[in-house]
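Keep in mind that the numbers below use all heavy atoms, side chains included, and drop hydrogens, waters and symmetry copies. In each ligand, atom 1 is the first atom listed, and ligand 1 is the first ligand listed.
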Amino acid sequence: MEKLTITRPDDWHLHLRDGEALKAVLPHTAHQFARAIVMPNLKPPVRSVADAAAYRERILAAVPARSQFEPLMTLYLTDNTSPEEVIAAKASQFVKAVKYYPAGATTNSDFGVTDISRCDAVLAAMGQVDLPLLLHGEVTDRQVDIFDREKVFIEKYLIPLREKFPQLRIVLEHITTSDAVEFVLSTNNIAATITPQHLLFSRNILFQGGICPHYYCLPILKREEHRLALLQAATSGNPKFFLGTDSAPHARNSKESSCGCAGCYSALHALELYAEVFEGANALDKLEAFASFYGPDFYQLPRNTEQITLTKTPWRIPAELPFPESGLVPLRAGEEITWQMV
Ligand SMILES: NC(=O)N[C@@H](CC(=O)O)C(=O)O
Ligand SMILES: [Zn+2]
Ligand SMILES: [Zn+2]
């Protein structure tokens, strides 16, 4: 196939940051996607409906002219989030979910939840008002091997959470293992987002000829068998799996460092990357539903009506993009990619 026209997709997991960084990255997402679930892990995080309203205004002010891009906001769950706040969030119409980061699990998660049992009243309220819970599904226990942290999170926290709040709608974000795929398939009221990097690469790429920090994200890339399980899930046509790039910009100097930050930048070329993945799996016919239907269906939002077209026109991914401090290195920087959005 040389040309693919599909309904304009949405990104169901995105980091836009703030200030000059926001201005640098938002045009990429607005070019590809109609809407995005915007992660709340700013410094300090987006903890209240008022924070989310102010952040939403800053995003809208940075949307390029003529773009109709709509940010879908999230709140950052802390030990102190009140049931009243999530009820107000639901009523706001613009807050679409609440994000749970185990404290210390990933970038800017210091305000995260230290003990999920402290959140019982909030989670009950979310279940009642039907506001979805989004999970960074990794344990933070340093005794647990980094490659097992998603699996252990499922066993230790997610299974009890599911039993305690059966009606709460959950998205297990950026899944990386066959364990996550199996759990999502076998459990009610739960869906998952899948990133381009976890579909494209196994953990080998982190050490291809040396240490490659631009492939370091959390949850960390896993073994090939896990990548294959994710690929199977994404291309299966099951509505529980949908697109979420987890595009997470960090300046070059904070990635290429003695203790580099976690996050891959894919907002520039996410759709092209997914198209390559789906074509490689002989499943281009499944891309539209994964990218454009199952996300809005889960979030109970209308599907987009506009269309976009991708053609087979190879181009080279830039080595670096403009970004505050020291530039931004996109995923697969400098490499050739076959699909191009028109
Ligand atoms: N995925 C990442 O590696 N990083 C994300 C945080 C997150 O989604 O966990 C970031 O904000 O940089
Ligand atoms: Zn995360
Ligand atoms: Zn993320």
Side-chain angles (χ1 to χ4, degrees), residues 10-19 21-22 24-26 29 33 36-46 55 71-77 96-113 132-140 146-147 149-150 153-154 157-158 170-177 180 191-201 203 205-206 212-222 230 242-257 259-267 270 295 323-325 328-331:
D10 306 298
D11 185 350
W12 301 96
H13 182 131
L14 176 67
H15 300 271
L16 284 175
R17 314 303 190 207
D18 212 342
L22 165 66
V25 299
L26 181 57
T29 291
F33 299 102
I37 285 279
V38 180
M39 290 295 138
N41 62 332
L42 302 182
K43 285 183 207 167
V46 178
Y55 185 32
L72 308 173
M73 308 310 292
T74 58
L75 293 192
Y76 188 110
L77 187 67
K96 298 299 184 194
V98 174
K99 181 68 188 280
Y100 166 78
Y101 292 97
T106 186
T107 306
N108 300 346
S109 60
D110 301 348
F111 288 82
V113 174
L133 177 69
L134 315 183
L135 300 176
H136 181 106
E138 286 192 291
V139 292
T140 54
I146 186 170
F147 294 100
R149 287 180 188 171
E150 184 173 272
F153 178 87
I154 293 169
Y157 296 103
L158 189 46
I170 296 175
V171 183
L172 190 52
E173 298 290 340
H174 47 43
I175 59 168
T176 63
T177 58
T193 52
I194 309 182
T195 77
Q197 64 267 26
H198 292 105
L199 290 169
L200 282 163
F201 309 115
R203 64 192 192 179
I205 194 103
L206 285 162
C212 306
H214 298 290
Y215 293 93
Y216 173 54
C217 68
L218 287 172
I220 198 162
L221 295 168
K222 303 294 192 298
L230 299 174
F242 48 82
L243 183 157
T245 64
D246 192 21
S247 178
H250 292 275
R252 180 196 279 275
N253 62 0
S254 54
K255 296 280 298 171
E256 299 173 5
S257 144
C259 190
C261 294
C264 297
Y265 188 70
S266 62
F323 195 75
E325 284 182 52
L328 177 61
V329 179
L331 192 64

Where T29 and A267 come nearest, the two heavy atoms and their spacing: OG1-CB, 3.4 Å

Distance from atom 3 (O) of ligand 1 to nearest protein heavy atom, with residue and atom: L218 N, 2.8 Å

Is there a donor-acceptor contact under 3.5 Å from the side chain of K255 to the main chain of C264? no

Under 3.5 Å, side chain of S254 to main-chain N/O of H250, donor-acceptor pair present? no

Would the distance check show the side chain of Y101 and the main-chain N or O of G137 forming a donor-acceptor pair, the cut-off being under 3.5 Å? no

Give a rough value, rounded to 10 degrees, for the angle at the Zn ion (ligand 2) between atoms ND1 of H136 and NE2 of H174. 100°

Using heavy atoms and a 4.0 Å limit, tell me yes or no: is H174 in contact with ligand 1? yes

Given N41, L42, L16, which one has a non-hydrogen atom that is nearest to atom 11 (O) of ligand 1? N41

Taking only heavy atoms of C217, which atoms of ligand 1 are found under 4.0 Å from at least one of them? 3 (O)

Taking the side chain as C-beta and beyond, is there a heavy-atom pair between E138 and T106 under 4.5 Å? no

Give me the residue, atom name and distance of the protein heavy atom closest to atom 5 (C) of ligand 1. H15 NE2, 3.6 Å

How far is atom 4 (N) of ligand 1 from its nearest protein heavy atom, and which residue and atom name does that atom have? A262 O, 3.2 Å

Given H13, which partner from the list H136, H174, E173 fulfils the side chain to side chain donor-acceptor pair (under 3.5 Å) test? E173

Could you please compute the angle at the Zn ion (ligand 3) from OD1 of D246 to NE2 of H13, rounded to 10°? 90°

To the Zn ion (ligand 3), the closest N, O or S atom belonging to H15 is NE2

I'd like to know if the side chain of S247 and the backbone of L14 have a donor-acceptor N/O pair within less than 3.5 Å. no

Is there a donor in the side chain of K222 and an acceptor in the side chain of T176, or the other way round, less than 3.5 Å apart? yes

To check your reading of the model: name the closest protein heavy atom to atom 7 (C) of ligand 1, its residue, and the distance in Å. T106 OG1, 3.5 Å

So the atoms of ligand 1 within less than 4.0 Å of a heavy atom of A248 turn out to be 4 (N), 5 (C), 10 (C), 12 (O)

For atom 1 (N) of ligand 1, the closest protein heavy atom turns out to be D246 OD2, 2.7 Å

Please give me the minimum heavy-atom distance between E150 and T177, naming the atom from each residue. OE2-OG1, 2.5 Å

With heavy atoms of H13 as the reference, note each atom of ligand 1 found under 4.0 Å away. 8 (O)

Can you check whether Y101 has an N/O within less than 3.5 Å of an N/O in ligand 1? no

With a cut-off of 2.8 Å, does any N, O or S atom of E173 fall short of it relative to the Zn ion (ligand 3)? no

Are any of the side-chain heavy atoms of L200 and I205 separated by less than 4.5 Å? no

Of the choices R17, M39, E138, which has the non-hydrogen atom that lies closest to atom 10 (C) of ligand 1? R17

